Amino acid sequence: MGVKKNFVLDTNVILHDYKCIENFQENDIYLPIVVLEELDKFKKGSDQINYNAREFVRELDTLTSNDLFLKGASLGPGKGSLHVVTGDKYQEKIYQSFPEKTADHRILSCTLSVAEAEKNKKVKTILVTKDVNLRMKARSLGIEVEDYITDKVVNVDIFERAQDTYENIDPDLIDKMYATSDGIDADLFDIKSKLDPNECFILKSVRNSVLARYNPFTNTFKKVDKGTNYGIQPRNAEQSFAFEILNDPDVKLVGLTGKAGTGKTLLALASALKQVNVYKQILLARPIVALANKDLGFLPGDEKQKVAPYMQPLFDNLNVIKGQFSPGSADARKIDELQKGGQLVIEALAFIRGRSLSDTFCIIDEAQNLTPHEIKTIITRAGEGTKMVFTGDIQQIDSPYLDAQSNGLAYMVDKMKGQDLFAHVNLIKGERSQLSELASNLL
């Protein structure tokens, strides 16, 4: 057990993880009353942050009596206590730098008040916030401050590197892999111990090479084919790897990461269409992250018309696949029929809350804009026979309180690594166009 500390929580920590108060061990937690005021503004709505606000307040209600506001309420055995700070005066030190009493500045003032009250006990008081700007303001005043790091991923290097290549493999073993579609015993290879389940890689010998995957269900190394999926041909080795795991119904959870233009969404959609007879429904969804201050409320029309501009990138990918076939051909007509019949659905992620998804090929696009809790909520929607595919680029985060280490996509890949049902492929090479690749690398 370390030295006991006091943690003052900002609103965004609660909106990020409504169970956050369970993660501070034996330390005491202080909630400025302004945080409860801010949570009140978020409780209406169907987005994840609205749900988090409501759940946290319900959690408070179960803990609470008047003790919460007077001397604090215990969080349980081995845990600290929770206090709500009311009526603290606006500190002069804060007023000198920030005379305007905004919610952030009141939280800074509250942190100073708690620090002063606990000074004689020699207990450190630390503000916890996901707001980078508030952290800078706190440091400028000498206030100790930290990010909420409970669900941060330590190593994000796997999102930058390509699949491994293993040299000096016995050429006869590679020949055997070409000779059979079932794969060959993984124990024949020395490298097996280095591999995660469903990992894809390149094997090279002095005279031949092969794209391969370690299949944990059969304990074999299997040759990866470069086959076409609904008109889409893989353009490089990593896209072939993506199709390999996307097409395997035994792999129930897939993470596809990579920069813009690497084909993440297109590959997932093409694979889903190829397997349309395996699943009852193909569901494409993406979180609505409003840019340029354009919120849903400013757009005319009903629910579907409002979300249509946000879903356009998914329709663009669908049109690329349609474009592989001549207009009026059976394959092009099939896509239209799937949409009309409700077997191919494109919608905002908020609309799948509370649903149970059975026999569904579910593609979640732009998953880097989700929190770890949101990712968990979505995956727990998966019923029998459902495959979940999450695509995204951890360098393109639009949410103000997420980063490359704390976003849900990175968290999922980190936590699920090593599970037989999970596979991750990182796409490096841009294939959208020469211009797109140039811009991605140089700009």
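Everything numeric here is computed off the predicted structure, so don't read it as measured data.
A salt bridge is defined here as a Lys NZ or Arg NE, NH1 or NH2 lying under 4.0 Å from an Asp or Glu carboxylate O, and Glu37 with Arg106 meets this definition. The residues Asp414 and Lys417 are annotated as not salt-bridged, no charged nitrogen and carboxylate oxygen being separated by less than 4.0 angstrom. Salt bridge Glu55/Arg58: present, at least one basic N to carboxylate O contact under 4.0 Å.
Checking side-chain atoms of Ser205 against main-chain N and O of Asn208 turns up a donor-acceptor pair under 3.5 Å. With hydrogens and angles ignored, the 3.5 Å screen pairs a side-chain donor or acceptor of Asn27 with a backbone N or O of Lys5. With hydrogens and angles ignored, the 3.5 Å screen pairs no side-chain donor or acceptor of Thr360 with any backbone N or O of Cys362. In this structure, the side chain of Asn50 engages the main chain of Lys44 through a donor-acceptor pair within 3.5 Å. Under the 3.5 Å distance criterion, the side-chain polar atoms of Tyr148 are left unmatched by any main-chain donor or acceptor of Ile14. Gln239 contributes a side-chain N or O that, together with a main-chain N or O of Thr262, makes up a donor-acceptor pair within less than 3.5 Å. Although no hydrogens or angles enter the test, the distance criterion places no donor-acceptor pair under 3.5 Å between the side chain of Thr220 and the main chain of Asp185. Checked by atom type and distance alone, the side chain of Gln25 never pairs as donor or acceptor with a backbone atom of Lys4 at under 3.5 Å.
Asn198 places none of its side-chain heavy atoms less than 4.5 Å from the side chain of Gln419. Contact of the Asp10 side chain with the His16 side chain is not registered, since no non-hydrogen atoms from C-beta on lie closer than 4.5 Å. Side-chain atoms of Leu273 and Ile232, non-hydrogen and from C-beta on, never get closer than 4.5 Å to each other. With contacts defined as side-chain heavy-atom distances shorter than 4.5 Å, the pair Lys334/Phe325 does not qualify. Looking at Phe189 and Leu203, their side chains come closer than 4.5 Å, going by heavy atoms from C-beta outward.
Around CD1 of Ile191, the count of heavy atoms belonging to other residues, nucleotides or ligands within 6.0 Å exceeds 12. Enclosure of atom CD in Glu167 by more than 12 non-hydrogen atoms of other residues, nucleotides or ligands within 6.0 angstrom is indicated.
Of all heavy-atom pairs between Asn215 and Phe217, the closest is OD1-N, 2.9 Å. Heavy atoms only, all atoms of each residue included: Phe241 and Phe201 are closest at CZ-O, 3.3 Å. Looking at every heavy atom in both residues, Phe390 comes nearest to Ala367 through CD2-CB, 3.8 Å. Here the closest non-hydrogen pair linking Ile375 and Leu409 is CD1-N, 4.0 Å. When every heavy atom of Val35 is checked against every heavy atom of Leu31, the shortest pair comes out as CG1-CD2, 4.4 Å. Between Pro216 and Asp420, the shortest heavy-atom distance links the atoms CB-OD1, 3.5 Å.
Among Asp403, Asp147, Thr371, Asn12, the one residue that satisfies the side chain to side chain donor-acceptor pair (under 3.5 Å) test with Lys130 is Asp147.
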Applying side chain to side chain contact (heavy atoms under 4.5 Å, CB included) to Val276 and Ile282, what does each step give before you reach the verdict?
CA-CA 7 Å; Val276 72; Ile282 299 168; 4.2 Å; yes
Derivation and outcome, side chain to side chain contact (heavy atoms under 4.5 Å, CB included), residues Asp365 and Leu284
CA-CA 7 Å; Asp365 197 29; Leu284 285 91; over 6 Å; no
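With sequence neighbours left out, the salt bridge (charged side-chain N to carboxylate O under 4.0 Å, His left out) criterion links Lys41 to no other residue. Judged as a side-chain contact (heavy atoms from CB on, under 4.5 Å), and not counting sequence neighbours, the contacts of Glu366 are Arg286, Pro287, Gln368, Asn369.
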N/O donor to acceptor pairs below 3.5 angstrom from side-chain atoms of residues 244-257, sequence neighbours left out:
| from | atom 1 | to | atom 2 | distance (Å) |
| --- | --- | --- | --- | --- |
| Glu244 | OE1 | Lys222 | NZ | 3.4 |
| Glu244 | OE2 | Arg213 | NH1 | 2.9 |
| Glu244 | OE2 | Lys222 | NZ | 3.3 |
| Asn247 | OD1 | Ser271 | OG | 2.6 |
| Asn247 | ND2 | Asn229 | OD1 | 3.0 |
| Asn247 | ND2 | Phe243 | O | 3.2 |
| Asp248 | OD1 | Asp250 | N | 2.8 |
| Asp248 | OD2 | Arg213 | NH1 | 2.9 |
| Asp248 | OD2 | Arg213 | NH2 | 2.7 |
| Lys252 | NZ | Pro249 | O | 3.2 |
| Thr257 | OG1 | His424 | NE2 | 2.8 |
| Thr257 | OG1 | Asn426 | OD1 | 2.6 |

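His373 and Lys19 share no side-chain donor-acceptor pair at under 3.5 Å.
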